Colleague: 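Mind looking over this structure? Questions follow.
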Amino acid sequence: MTKSIKIAPSILSSDFSKLGEVLEELNQSGAEMVHVDVMDGHFVPNITFGPPVIKKIRKYSDLPFDVHLMIAPVHKYIKDFADAGADIITVHPEATDNLLQTIELIKSLGKKAGVSLNPNTSLESIFPVLHLIDLTLIMSVNPGFGGQKFMPEVLSKVKILRQKIDEENLKVEIEIDGGIDFDTGKLAKEAGVDILVSGTTLFAGNDDLKKNIKKLRNC
Ligand code: DX5
Ligand code: ZN
């Protein structure tokens, strides 16, 4: 039986001048969550938005906010993102002095905790916390920008992780982020991901958002 895949559109590729409308469209699109990319111009070479913007746009959405924090140091900002309306808060291990404490803080605020691995970060670095988290976000590009080329070498990480999660009966989900289109999405699904993040393909694709989401789900 094929497992159903979740789709997390990344609003990084949407029109920032009408985020409220974009979120309302996403409510009707069939997407399971909204992927929100937060960048600080320091941890990654690009800047997006922070808690005040997330708080303002939160009321337009009925979907969970999957907030991907590409900021360092991240720990002192976790509460701000929780208060702004994040449902899942994902951090990079390189962005905190104490990953365990950061995960515990996210959980203590009643939020789901995710850890993201850059293409060059080893899979093993996540193993000590795997039983504590809800999500592993496997980066299939170096974070910072939408529209980059998918790095197929990360698929081996996904396969090993899938096997480990299944063998140990863990509840953590695998999400993949970067360069996901209808071809790479299929590869990622076959490797065992649960959630596909996609920006450019969904927002700048040939069809409308709803059709692109359906096409990605069925790829
Ligand atoms: C990249 C971000 C991604 C990005 C994906 O640093 O984490 O979420 O929006 O965009 P696409 O799908 O265009 O690669
Ligand atoms: Zn992201």
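Every number for a ligand or one of its atoms is a count from 1 in the order of the listing. This chain uses plain numbering: 1 for the first residue, then up along the sequence. Since the structure is predicted, the reported quantities are computational estimates derived from the model, not experimental observations.
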Colleague: Is D194 salt-bridged to K189, cutoff N-O under 4.0 Å?
Modeller: no
Colleague: Contact residues of ligand 1 with a heavy-atom cut-off of under 4.0 Å?
Modeller: S10, L12, H35, D37, M39, H68, M70, M139, P143, G144, F145, G146, G147, D177, G178, G179, V197, S198, G199, T200
Colleague: Do any protein N, O or S atoms sit under 2.8 Å from the Zn ion (ligand 2), and which ones are they?
Modeller: H35 NE2, D37 OD1, H68 ND1, D177 OD2
Colleague: Decide, yes or no, whether a salt bridge links E173 with K6 under the criterion of side-chain N to carboxylate O below 4.0 Å.
Modeller: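 Yes.
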Colleague: So, H75 and N98: side-chain donor and acceptor under 3.5 Å apart, yes or no?
Modeller: no
Colleague: Distance from I133 atom CD1 to L99 atom CG, nearest 0.5 Å?
Modeller: 7.5 Å
Colleague: Whether K149 and D181 form a salt bridge (side-chain N of Lys/Arg under 4.0 Å from carboxylate O of Asp/Glu) is what I want to check.
Modeller: no
Colleague: Would you mind reporting whether L202 and K211 have side-chain heavy atoms less than 4.5 Å apart?
Modeller: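 The answer is no, as the side chains (C-beta and beyond) never meet within the 4.5 Å cut-off.
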Colleague: Ion pair present between E32 and R217, side-chain N to carboxylate O less than 4.0 angstrom?
Modeller: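 Looking at E32 and R217, the cut-off is met.
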Colleague: With side chain to side chain donor-acceptor pair (under 3.5 Å) as the rule and sequence neighbours excluded, what pairs involving residues 131-144 come up?
Modeller: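 Side chain to side chain donor-acceptor pair (under 3.5 Å) check on residues 131-144 returns K107-D134, D134-K171.
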Colleague: Checking one residue: F145. Which other hydrophobic residues are in its cluster under the side-chain 4.5 Å linking rule?
Modeller: none
